[in-house]
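FYI, the numbering just counts along the sequence from 1.
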Amino acid sequence: MTAHLTLLAALVFLLLSFDKRSLFQYLKKKILIINLEPRRLDSAPMATVCCNWNETALLVIDMQNDFVLPEMGSPMLVAGAKAVVPAVAKVVSLARERGIFVIWVVREHDPSGKDVELFRRHHYSNGKGPTMKGAKGAELVDGLKIRDGDYKLVKTRFSAFFNTHLDAVLKGSGIKRLVIVGVQTPNCIRQTVFDAVALDYEHITVIVDATAAATPEIHS
C-alpha cells in the first residue's frame with residue numbers, strides 16, 4: 001500500500017511539473033504557417049519553405065464542389081472555401097513550376113453512406129448524399145484540375161493519412177516535407193497536419209490564405 005501511494009505521489013508530481021510549453025515549442029518547430037498575401041502571389045513565396053522541391057509534396061485537400069459552392073446546397077459547405085480557390089490554384093501552379101509532387105486529397109463516399117463518419121450518416125438516404133463517388137458534388141471545383149504527374153488520393157475521414165496509403169506513397173516518393181492547402185482548417189487540415197507530425201515529416205507548411213473554414217474566426 002505504501003509503495004502504491006509513493007508511486008501515485010510521484011506521478012502527481014510529474015504531472016504538476018510538466019512544462020506544456022515544451023510541447024508547444026516542438027510543434028512550432030515542426031509546423032510552419034505562411035500567409036501568402038494575394039498581392040505577393042507572383043513573387044515565389046514558397047521559396048521561403050525549402051529548396052529541395054523533389055522532397056516536397058503539396059496536399060490539396062477537399063477542394064470539391066460540395067465543400068466549395070453554395071449553389072450545390074450541400075450540408076458539407078465550407079463558407080470560406082470559395083474565396084480561396086484562386087489562391088489554391090496559384091499555389092498549385094507554383095508547385096508544378098518547381099516540380100513539387102501535387103496530391104489531390106478528396107472525399108468520395110458510397111451512396112449508402114456506410115463509409116461516412118457516424119455523425120454524418122443522416123445526410124445519406126435513398127442513394128443520395130454529399131461527395132458521392134461519381135457525382136458532381138465530388139468533382140474538383142472549376143479552376144482546379146488533376147494533370148499527368150499528379151496523384152489523387154481518396155479519404156473517408158478528416159485526416160488524409162487515416163486508413164489510406166498516403167504515407168506509403170509519400171515515403172516511397174522520397175517526400176520529407178509537406179505543404180498543405182484546402183479546407184477546412186479545424187478538421188481535415190488540422191488532423192492531417194497532426195498526423196504528419198506524428199509520422200515524422202521534417203517540415204509541414206500550412207498556407208493560411210489558401211486554406212479556409214466556416215468563419216474567419218474559426219480559421220484563425
Partners meeting ring-ring contact (aromatic ring centres under 6.0 Å, His included) with Phe161 (sequence neighbours left out): Tyr201
Sequence-distant partners of [X], side chain to side chain contact (heavy atoms under 4.5 Å, CB included), two or more places apart:
X	answer
Ser125	none
Pro216	none
Val141	Asn65, Val68, Leu69, Val85, Leu144
Glu217	Thr215

To the nearest 0.5 Å, how far apart are [atom1] in [X] and [atom2] in [Y]?
X	Y	atom1	atom2	result
Asp200	Lys176	CG	NZ	12.5 Å
Ile189	Asn187	CD1	CG	9.5 Å
Leu166	Leu59	CG	CG	6.0 Å
Leu178	Phe101	CG	CZ	11.0 Å
Glu55	Ile100	CD	CD1	12.0 Å
Asp209	His219	CG	NE2	7.5 Å

Restricting to non-hydrogen atoms, name the atom on [X] and the atom on [Y] that form the minimum distance, rounded to 0.1 Å.
X	Y	value
Gly182	Met63	CA-SD, 3.8 Å
Ala196	Ile204	CB-CG1, 3.8 Å
Trp53	Arg98	CB-O, 3.2 Å
Leu153	Ala160	CD2-O, 3.5 Å
Gln191	Ser159	CG-CB, 3.5 Å
Gly137	Gln64	O-CB, 3.7 Å

When hydrophobic residues are tied together by side-chain contacts of less than 4.5 Å, even through go-betweens, does [X] share a cluster with [Y]?
X	Y	answer
Ile218	Ile180	no
Ile61	Leu199	yes
Val88	Met72	yes
Val102	Val84	yes
Val179	Leu140	yes

My understanding is that only residues two or more places apart in sequence, or in another chain, count here; which of them pass side-chain hydrogen bond (donor to acceptor under 3.5 Å, both in side chains) with [X]?
X	value
Glu97	none
Ser112	Asp110
Ser74	none

Once salt bridge (charged side-chain N to carboxylate O under 4.0 Å, His left out) is applied, what residue pairs with a partner in [range] remain, sequence neighbours excluded?
range	result
residues 160-173	Asp167-Lys171
residues 129-141	none
residues 56-79	Asp62-Lys155

side-chain hydrogen bond (donor to acceptor under 3.5 Å, both in side chains) partners of residues 100-109, not counting sequence neighbours, each pair once: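 For residues 100-109: Trp104-Asp150, Arg107-His109, Arg107-Glu117, Glu108-Lys152, His109-Asp115.
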Full working for side-chain contact (heavy atoms from CB on, under 4.5 Å) between Thr131 and Phe67: CA-CA 8 Å; Thr131 62; Phe67 290 110; 3.7 Å; yes
Whether Ser173 side chain and Val169 backbone form a donor-acceptor pair below 3.5 Å: yes
Beyond-backbone contact of [X] with [Y], side-chain heavy atoms, under 4.5 angstrom:
X	Y	result
Leu170	Ile103	yes
Thr56	Ile175	no
Met132	Tyr124	yes
Asn52	Arg177	yes
Leu77	Pro70	yes
Pro111	Lys128	no

